[in-house]
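Everything on this sheet refers to the single structure shown next.
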2 protein chains.
Amino acid sequence: MPRRPGKVSIRHVAEAAGVSVATVSNVVRGRKNVSDAVRARVEKTIDTLGYLPNRAAMQLREGRNRIVGVLVPSLDNPFFTAIIASIENCARRDGYDIIVASAGEDSALASSRLKALLSWRPAGMIVLPNDDCFADAGLLDASGVPYVVLDRLPGASVADTVAVDNEQAATEIAAHLAGLGHRHMLVVATTLSLANIRERCAGILAYCARAGLPEPRVLEVGHHFEDGPPGLTEALAGANAPSAVIALTNSITLGALRCLHQSGYAVPGDMSLVGYDDYAWMRATLPPITAICQPVDALGAEGWSRLMLRIAGEGTAPLQVRLACTLVVRGSTAPPRTGNLS
Amino acid sequence: MPRRPGKVSIRHVAEAAGVSVATVSNVVRGRKNVSDAVRARVEKTIDTLGYLPNRAAMQLREGRNRIVGVLVPSLDNPFFTAIIASIENCARRDGYDIIVASAGEDSALASSRLKALLSWRPAGMIVLPNDDCFADAGLLDASGVPYVVLDRLPGASVADTVAVDNEQAATEIAAHLAGLGHRHMLVVATTLSLANIRERCAGILAYCARAGLPEPRVLEVGHHFEDGPPGLTEALAGANAPSAVIALTNSITLGALRCLHQSGYAVPGDMSLVGYDDYAWMRATLPPITAICQPVDALGAEGWSRLMLRIAGEGTAPLQVRLACTLVVRGSTAPPRTGNLS
DNA sequence: TTCCGCAAGTTAAACGTTTAACTAACGGGA
DNA sequence: TCCCGTTAGTTAAACGTTTAACTTGCGGAA
């Protein structure tokens with residue numbers, strides 16, 4: 001009998017060891033008493049045959065199982081992959097496997113990916129919706145599979161959610177810039193159709209209103225910009241030109257920085273820049289970038305532990321968790337040139 | 001009957017539609033002729049009941065299945081996650097799901113993760129080993145599951161492998177720098193215990209030898225450096241100081257750049273820098289970074305198509321594929337100061 | 001009419017587990 | 001001696017599919 005883990009079942013082990021399949025199962029799962037002699041014999045047989053339990057069969061029999069499905073908009077964005085890394089860590093610790101699917105921008109695709117994940121009968125799901133209508137909530141609710149929604153909050157939800165406190169983060173940014181003496185700020189956003197982006201904008205506008213500063217202009221540039229965010233160059237110049245740029249996303253931070261360099265602005269001399277998400281490269285640029293650090297790790301971990309509670313059947317009402325961000329001040333922000341004060 | 005996809009089986013559908021389970025299966029899988037009337041009735045029932053086939057049961061019954069396991073060293077490294085993104089794309093296109101596990105630096109953990117993946121009886125596996133002894137090759141071979149090894153090549157392997165042509169890339173780097181007039185180069189590597197890193201070094205040394213240039217110094221800095229790669233500052237100065245730094249990894253590129261800035265070197269005025277992996281941030285720095293662009297997407301896609309061939313049972317001999325890298329020349333490399341010429 | 005073939009459905013076995021229910025053997029207390 | 005309890009192990013059903021083999025009914029060719 002060659003070692004062919006894919007082909008050897010509990011039955012082969014039982015025969016080779018001269019016991020019943022139930023006994024092998026008992027040895028493997030440690031459920032019932034088995035004499036030391038038999039246990040040793042079975043374990044040895046398992047080893048020589050290279051037996052691995054078949055998870056499909058286990059799962060079928062047990063009903064419950066130890067997979068969690070994770071659905072993200074994209075695997076190309078380090079923000080999402082960092083969250084996955086965090087979740088995977090938790091999963092491994094708790095003896096779960098995760099199945100990852102990415103939905104892209106397309107919500108039809110999101111539905112079909114979600115169905116594929118659900119057909120695994122996962123113990124739970126962690127979803128990062130790709131828009132905030134989150135049309136699939138119904139599907140998920142109907143399935144009865146416990147789930148938690150991360151990062152992007154659906155409009156009206158009965159589920160557990162874990163997200164970042166966008167307003168607090170926005171306030172910190174605005175307060176920092178205002179503290180340095182900036183009056184005119186330019187906010188660069190991907191799209192206002194996402195609730196968390198809207199919250200970030202709203203937070204900044206609200207602060208400026210309270211502080212009696214002119215209302216910052218908001219520029220919407222979309223998700224894809226190869227050669228710098230469209231319209232940014234124009235928005236930087238002219239009357240009421242900003243003295244500080246706030247990038248609301250990690251990719252925008254990159255695009256804005258590139259655009260500033262290409263247009264010949266010195267950072268922070270001519271223009272201050274606040275970025276979003278705190279990545280290693282932001283520490284390597286000259287100057288290093290002042291940025292909002294989203295607690296990615298905590299986001300994943302908190303989502304995971306909420307999910308575990310749900311799976312354990314805690315009947316509590318849906319909980320909406322908000323995690324605080326921290327503003328890491330580095331070299332890309334400074335007081336505006338006096339000429340820009342006004 | 002409430003819509004509870006998790007709870008409704010093919011049997012419920014059959015009863016509700018007044019047909020046998022076999023007929024439902026035939027409708028779902030489209031295997032045999034079913035009259036239009038019955039098909040319509042069954043499809044409607046499936047819809048109202050919210051039936052989703054149970055993959056565990058399918059898999060158990062069919063033996064084969066449509067999962068591919070992907071094992072990577074880490075989910076924190078964008079190089080690996082980009083490969084995963086590429087694989088996931090292919091998988092979706094071909095109707096597969098992927099299960100992702102990360103092994104960390106620990107090879108004991110790698111073994112246990114691998115076993116967990118194998119217990120799913122995947123149709124195939126894609127592995128990025130975390131060292132080049134790749135002790136688990138035996139386990140994988142014994143399992144009979146087709147697999148391909150990506151990026152890091154195990155010492156002696158009978159499997160399909162897809163990797164990058166490290167020597168070609170190294171030659172391009174060295175030739176570029178030599179062409180600019182650099183004579184003394186400093187190579188910064190994570191660890192020489194990885195075959196692909198060794199190949200990169202060897203390629204550079206070989207070129208310099210051929211070109212009659214002094215042998216570049218190689219600095220080994222390990223995987224973790226929060227505050228710049230250890231020993232780098234010292235290696236930059238002194239007699240025979242380099243006029244160009246070659247970073248052999250994306251994280252090292254970051255570390256080196258940061259170190260150069262902190263030590264007050266102007267790039268490329270005082271020191272040229274060539275980086276590894278071509279990420280968006282390298283275009284946003286001032287100057288943008290000259291770097292080797294590894295064909296990440298092709299790496300994943302090529303690995304996937306090799307795997308599909310294996311799964312289809314092509315009995316060909318193991319194939320070792322090497323993909324070419326391209327050197328993207330940007331602003332971080334320039335002729336050395338004349339003082340540095342020697 | 002008889003028989004054959006085809007179309008449309010059904011029956012039942014099998015996949016690899018887990019586990020409740022059962023059996024066998026053995027000692028010890030009354 | 002009889003009975004009971006415990007321990008160590010076995011038997012068999014069940015989980016939700018797929019599919020080979022079978023049944024039934026019908027139309028047409030001989």
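Convention: sequence-line order gives letters A, B, ...; per-chain numbering from 1. No hydrogens, no waters, no symmetry mates; every other heavy atom, side chains included, goes into these values.
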Just how far, in rounded Å, is C1' of D/dG9 from CG of A/Asp36? 15 Å
All N/O pairs under 3.5 Å across the protein-nucleotides 12-14 of chain D interface:
unit_1, atom_1, unit_2, atom_2, d
D/dA14, N3, A/Arg61, NH1, 3.3

From C/dT18, C/dC15, D/dT17, pick the nucleotide closest to the side chain of B/Leu60? C/dC15
Got a donor-acceptor contact below 3.5 angstrom from the B/Thr23 side chain to the B/Val19 backbone? no
Does D/dT18 have OP1 or OP2 under 4.0 Å away from a side-chain N or O of B/Arg29? yes
How many whole angstroms separate atom CZ of A/Arg121 from atom P of D/dG16? 9 Å
Testing the basics here: between A/Arg152 and A/Asp131, what is the closest heavy-atom pair and its distance to 0.1 Å? NH1-N, 4.5 Å
A/Arg55 atom CZ is separated from D/dC15 atom C1', nearest whole Å, by 17 Å
Rounded to the nearest Å, what distance is computed from the CG atom of residue A/Asn65 to the P atom of nucleotide C/dT18? 13 Å
Rounded off to whole Å, could you give me the CZ-to-P distance for the B/Arg11 and D/dT18 pair? 12 Å
Tell me, please, which residues at least two apart from A/Ser111 pass side-chain hydrogen bond (donor to acceptor under 3.5 Å, both in side chains). A/Asp136
Nearest-Å distance for atom pair CG/C1', residues A/Asn54 and D/dC15: 13 Å
Taking five pairs at each end of the helix from C/dT1-D/dA30 to C/dA30-D/dT1, what angle separates the two helix axes (nearest 10°)? 70°
Report yes if some heavy atom in the side chain of B/Val28 is under 4.5 Å from a heavy atom in the side chain of B/Ile46; otherwise report no. yes
May I ask you to decide if A/Leu319's main-chain N or O and A/Asp160's side chain share a donor-acceptor pair within less than 3.5 Å? yes
Please, which pairs that meet ring-ring contact (aromatic ring centres under 6.0 Å, His included) have at least one residue in residues 67-121 of chain B, sequence neighbours excluded? A/Trp120-B/Trp120, B/Tyr96-B/Trp304
Without decimals, in angstroms, what is the distance between B/Glu15 CD and C/dT10 P? 13 Å
Any side-chain to backbone donor/acceptor pair from B/Asn26 onto B/Ala22? Under 3.5 Å, distance only. yes
Would you mind reading off the distance between A/Met58 atom CE and D/dT17 atom C1', rounded to a whole angstrom? 19 Å
Check: protein-nucleotides 5-9 of chain C nitrogen or oxygen pairs below 3.5 Å:
unit_1, atom_1, unit_2, atom_2, d
C/dG9, OP1, B/Ser35, OG, 2.6
C/dG9, OP2, B/Ser35, N, 2.9
C/dG9, O6, B/Lys32, NZ, 2.3

Between the main-chain N or O of B/Gly104 and the side-chain N or O of B/Asn130, is there a donor-acceptor pair closer than 3.5 Å? yes
Mind checking what makes salt bridge (Lys or Arg N to Asp or Glu O under 4.0 Å) contact with A/Arg92, not counting sequence neighbours? A/Glu88
Show your working on side chain to side chain contact (heavy atoms under 4.5 Å, CB included) between A/Lys44 and A/Asp47 and close with a plain yes or no. CA-CA 5 Å; A/Lys44 198 174 139 213; A/Asp47 231 43; 5.6 Å; no
Side-chain N or O of B/Ser25 less than 4.0 angstrom from OP1 or OP2 on D/dT18? yes
Salt bridge B/Arg41-B/Asp36, side-chain N to carboxylate O under 4.0 Å: no
